[in-house]
Amino acid sequence: ISCWTERDYESEQMWKSYIEKEEDRKTAIAIKTTVGDLKKSLKSSGLFDLARVQYFDSKTLLQKTKEEYFRILQGVYPLVRYMLLNKRDCFKDDKEIRLMTDNLMQNRTQWEKTSILSFCGDSDFDYEQPLEFEAMKIPIDLQILIKEIRISPWADSNFIDKIKELLEFQKIKGVQIEKSILFIDEIYVDL
């Protein structure tokens, strides 16, 4: 899963949500792109699912019909997709889009089998069992993907130079780089 937001403004909450450790905040960036360029940047021929997260209140969830629940529970993929694309409405400010790919149907690992069984009611799930792989790595074309890089509001001013050097080393051109303006002091005018 790769999570994106459709927000057209910066949020301190989003920066903090995706940067857990305070010491990492000085070297964080956000990438701005378009949905079309996100799709075009994927260099893999694998199966991808790109969708907006749906937000609902608890009452709506409880009002689903038996037919709707049956459609959700038809198989592993529809169930997982439903779980990943539906969130409570208290998260609706995230305006999230998720790019998803999986290997559940082709290369199911023991951890995945166990976790699926656990969701279906197997009480013997071992949460301490290590993953058999770190993550699926999907090749992308960064030149197509990256339109703008926003530097963390906590970053030092020399961090922009490091990002420019990295882009030059990777031969990525035409990317706009800006420091976050999240914490710029407000100007008050006496009238």
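- Separation of atoms NZ (Lys39) and OG1 (Thr34) is listed at 10.0 Å; rounding is to 0.5 Å.
- For the pair Ser152 (side chain) and Arg25 (backbone), a donor-acceptor distance under 3.5 Å is present.
- Side-chain contact check for Ile97 versus Val35: some heavy-atom pair is nearer than 4.5 Å.
- Expressed to the nearest 0.5 Å, how far CD1 of Ile163 lies from CD1 of Ile172 amounts to 10.5 Å.
- The salt bridge (Lys or Arg N to Asp or Glu O under 4.0 Å) test with Glu178 is passed by exactly one of Lys147, Lys32, Arg150: Arg150.
- Between Asp93 and Arg7, the closest side-chain pair of non-hydrogen atoms falls below 4.5 Å.
- No side-chain heavy atom of Asp57 sits less than 4.5 Å from a side-chain heavy atom of Arg88.
- Put simply, SG on Cys3 and CE on Met14 are 8.5 Å apart, with the number rounded to the nearest 0.5 Å.
- Between Lys40 and Asp37 there is a salt bridge, with a side-chain nitrogen of the basic residue lying less than 4.0 Å from a carboxylate oxygen of the acidic one.
- Side-chain contact between Thr33 and Ile146 is absent, with no heavy-atom pair separated by less than 4.5 Å.
- Inter-residue side-chain proximity for Asp49 and Leu84 is flagged as unmet; no heavy-atom pair is nearer than 4.5 Å.
- Between Trp154 and the options Glu23, Lys16, Glu22, a side chain to side chain contact (heavy atoms under 4.5 Å, CB included) holds for only Lys16.
- Electrostatic pairing of Lys173 and Glu168 does not count as a salt bridge here, judged by no charged N lying under 4.0 Å from a carboxylate O.
- Using a 4.5 Å heavy-atom cutoff, the side chains of Asp89 and Phe56 are not in contact.
- Gln13 CD: more than 12 foreign heavy atoms inside a 6.0 Å radius.
- Under a 4.0 Å N-O distance rule, the pair Glu96/Arg98 qualifies as a salt bridge.
- Side-chain contact between Leu38 and Ile140: absent, with no pair of heavy atoms (C-beta onward) separated by less than 4.5 Å.
- The environment of Phe169 atom CZ is sparse: at most 12 non-hydrogen atoms of other residues, nucleotides or ligands sit within 6.0 angstrom.
- Using a 3.5 Å distance cut-off with no hydrogens or angles, the side chains of Trp4 and Ser2 do pair a donor with an acceptor.
- Looking at Leu167 and Ile177, their side chains come closer than 4.5 Å, going by heavy atoms from C-beta outward.
- With rounding to the nearest 0.5 Å, the separation of OH in Tyr55 from SG in Cys90 is 10.0 Å.
- At a threshold of 4.0 Å, the pair Asp94-Lys87 counts as salt-bridged, since one of the basic side-chain nitrogens sits closer than that to a carboxylate oxygen.
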